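Here's the structure we're looking at; comments come further down.
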Number of protein chains: 2
Amino acid sequence: MYSYIHDGAEIYRQSFATIRAESDLSSYDDDVERVVVRMIHACGQTDLPADVVATPGLVRAARSALDAGAPILCDATMVASGVTRRRLPADNDVLCLLGDPRTPGLAEQLHTTRTAAAVHLWEPMLEGAVVAIGNAPTALFALLEQIDAGGPRPAAVVGAPVGFIGAAESCAALAERADLEFITVLGRRGGSAITAAAVNALASPVE
Amino acid sequence: MYSYIHDGAEIYRQSFATIRAESDLSSYDDDVERVVVRMIHACGQTDLPADVVATPGLVRAARSALDAGAPILCDATMVASGVTRRRLPADNDVLCLLGDPRTPGLAEQLHTTRTAAAVHLWEPMLEGAVVAIGNAPTALFALLEQIDAGGPRPAAVVGAPVGFIGAAESCAALAERADLEFITVLGRRGGSAITAAAVNALASPVE
């Protein structure tokens, strides 16, 4: 027999107490802080805030969009799978178009990755949407390029691609945007769990 | 316009070259090394190997089980979602029973989390299965307790719960088992992306 806490609510309580005791959250407003705490919880690393950049208006923008029924557009099925449907205020659609039958052909045509091609398919739903990119740097770059080309504008962007080629650069590009509400993780860290946790926090009413 | 690599295959190639250049993989046999490389790729952190412990027989055991049609039993839907179905050698089932209608009642009856209760529902499928636990420490503890109680034995265990309460302890408990083939991430790191990446590597034929 092993000795451990079996009570889910108590595990959550102690987890969040540990995060708040060990993390430097002083640079965030209360509403963004709640999102960062959830992102730390998803990766087990209390030094994550050193790399997290968010706009002050992020939470209000994302929450208003979701309340109004905006869809959540995800770059990876794991991100979509991690979004807790019962937290969503308006039974919002959670979509990943990576498996769309048009995606492989479009990727070939555009000379880019399938994940970036799937971002192009977001166009009819992108205006006012909440975007959640937790895997592919090419998806985040493609989003920024579409916006710069005069395309539709999302209400809020969670942009946290992970990895070694392009991830740091794509997050740095997002962090420099003055025209978007966003949260991002600078450097190589990121991923579907951190991204889904941020979306879940954004979808939750302030306690 | 941003400047970045658009070619998915080239992104993969450069990613894995970076991982091999920056990570200390010297403690692993070739077959386990391939799995660790994929786990690093999923989290963007080349210091991950410092925390990864695996048994030398892991890859052979997992691969034989999958070839023979064994199911992959996951503690979280995000883990199951991250398993690439087309890599599986025998169209293997990938199951997460967290949403099973029996789970909430069983959790109440056993005074444990729903994730741990879902592990109890694995029993009829657990013998010879590949287990993938990437979220809940209570699930990993519950698995080890079931085995100690004389329950069915999985062929291989990917055990990488993430977080602050119980994650490090559950991974340490797995790392001490001489009776199982496993791979685990000591400490607080872990998660569904790392876990799914390990399963995907175990499912892939050696190149």
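The figures that follow rest on heavy atoms only: side chains count, while hydrogens, waters and symmetry mates do not. Here the structure is a predicted model, which means the values were calculated and not measured. In what follows, chains carry the letters A, B, and so on, assigned in the order in which the sequence lines appear, proteins first and then strands, with residues in each chain numbered from 1.
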How far does CD1 of Ile165(B) sit from CD1 of Ile19(A), to the nearest 0.5 angstrom?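 Here the rounded value is 9.0 Å.
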
Rounding to 0.5 Å, atoms CG (Leu144(B)) and CE (Met1(A)) come to a distance of 12.0 Å

*Count the heavy-atom pairs under 4.5 Å between each of Val79(B), Asn135(B), Ile194(B), Thr18(B) and chain A, then report the option with the highest count.*
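Top count of heavy-atom pairs under 4.5 Å with chain A: Thr18(B).
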
- Query: For chain A, which of Gly191(B), Ala196(B), Ser192(B) has the most heavy-atom pairs under 4.5 Å?
  - Reply: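 Looking at each option in turn, the highest pair count goes to Ser192(B).
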
[atom1] ([X]) with more than 12 external heavy atoms under 6.0 Å:
| X | atom1 | answer |
| --- | --- | --- |
| Asp179(A) | CG | yes |
| Glu10(B) | CD | yes |
| Arg114(A) | CZ | no |

Using non-hydrogen atoms and a 4.5 Å limit, figure out which bit of [X] sits close to chain B: side chain, backbone, both or neither.
| X | result |
| --- | --- |
| Glu22(A) | side chain |
| Glu169(A) | neither |
| Ala136(A) | neither |
| Ala116(A) | neither |
| Thr138(A) | both |

With chain B, the option among Ile5(A), Val162(A), Thr115(A) that has the most non-hydrogen atom pairs under 4.5 Å is Val162(A)

Highest number of heavy-atom pairs under 4.5 Å with chain B among Gly190(A), Cys43(A), Ser3(A) belongs to Cys43(A)

Measure the shortest side-chain to side-chain distance between [X] and [Y] over non-hydrogen atoms and say whether it is less than 4.5 angstrom.
| X | Y | result |
| --- | --- | --- |
| Leu110(A) | His6(B) | no |
| Arg189(B) | Gln45(A) | yes |
| Glu145(A) | Tyr2(B) | yes |

Cut-off 4.5 Å, heavy atoms of chain A, and the answer for Ala107(B) is neither

